[in-house]
Amino acid sequence: NVEPRSVPVFPWHSLVPFLAPTQSD
Amino acid sequence: LPPSSTMVPPSLPPYFIKGSIIQLADGELKRVEDLKTEDFIQSAEISSELKIDSSTVERIEGSHTSPNFAVVQFSVGEHRTQVSVEVLVEYPFFVFGQGWSSCCPDRTTQLLELPCTKLSVGDVCISLTLKNLR
């Protein structure tokens, strides 16, 4: 029997660099 | 050749390791190596706060502080805001229509087992900005 392991789940946005705020016109 | 370090640097996030489970905005789970451009675009469309921006690589140069780091200069969004980031040479960015790319793809593949191509000037990477600044 293989016991279930808790696997970390990462949110999609953590993989994307947050580079700059949108400038308002 | 001298042996190279195979340790994953602590500043390289764990979610880039091949097989890492990523949750998209609609709840779907995917492995990091299976992510497509559409996954990011659709997730950003669902998000109320974040939107995808195009970040074009304008310059890549070695860091003055350490040979393990590179400085990547991006031109971000329609306003072409200039942003420089200092990252480990193996740090992967997601290029539109292409997938994971880094300054040193061989090291990325070696350390993370993440399939990766060479990040080049002119590549358009996925980045995030806030949807609305009020």
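For clarity, every value in this text was computed on a predicted model and none was experimentally measured.
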Name the region of B:Phe94, side chain, backbone, both or neither, that has any atom closer than 4.5 Å to a heavy atom of chain A. neither
Examine [X] and [Y] and state if one hydrophobic cluster contains both, with Ile, Leu, Val, Met, Phe, Trp and Tyr joined whenever side-chain heavy atoms are less than 4.5 Å apart.
X	Y	value
B:Val87	B:Phe69	yes
B:Phe16	B:Val95	yes
B:Val89	B:Tyr91	no

Side chain, backbone, both or neither: which part of A:Val9 has an atom under 4.5 Å from a heavy atom of chain B? both
Between A:Pro17 and B:Ile126, which heavy-atom pair has the shortest distance, and what is it?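 Result for this residue pair: CD-O, 3.8 Å.
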Heavy-atom check, side chain of A:Phe10 versus side chain of B:Pro13, under 4.5 Å: no
Flag the pair B:Trp100 / A:Leu15 as yes when at least one side-chain heavy-atom distance between them is below 4.5 Å, and no otherwise.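 Yes - at least one pair of side-chain heavy atoms lies under 4.5 Å apart.
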B:Glu113 atom CD: more than 12 heavy-atom contacts under 6.0 Å: no
NE2-CD1 distance between A:His13 and B:Ile52, expressed to the nearest 0.5 angstrom: 11.5 Å
Using a 3.5 Å cut-off and no angle test, enumerate the donor-acceptor pairs between side-chain atoms of residues 39-47 of chain B and protein atoms at least two apart in sequence or in another chain.
{"residue": "B:Asp39", "atom": "OD1", "partner": "B:Lys30", "partner atom": "NZ", "Å": "3.3"}
{"residue": "B:Asp39", "atom": "OD2", "partner": "B:Lys30", "partner atom": "NZ", "Å": "2.9"}
{"residue": "B:Asp39", "atom": "OD2", "partner": "B:Lys36", "partner atom": "N", "Å": "2.8"}
{"residue": "B:Ser43", "atom": "OG", "partner": "B:Ala25", "partner atom": "N", "Å": "3.1"}
{"residue": "B:Ser43", "atom": "OG", "partner": "B:Asp39", "partner atom": "O", "Å": "2.9"}
{"residue": "B:Ser47", "atom": "OG", "partner": "B:Glu49", "partner atom": "N", "Å": "3.2"}
{"residue": "B:Ser47", "atom": "OG", "partner": "B:Leu50", "partner atom": "N", "Å": "2.9"}

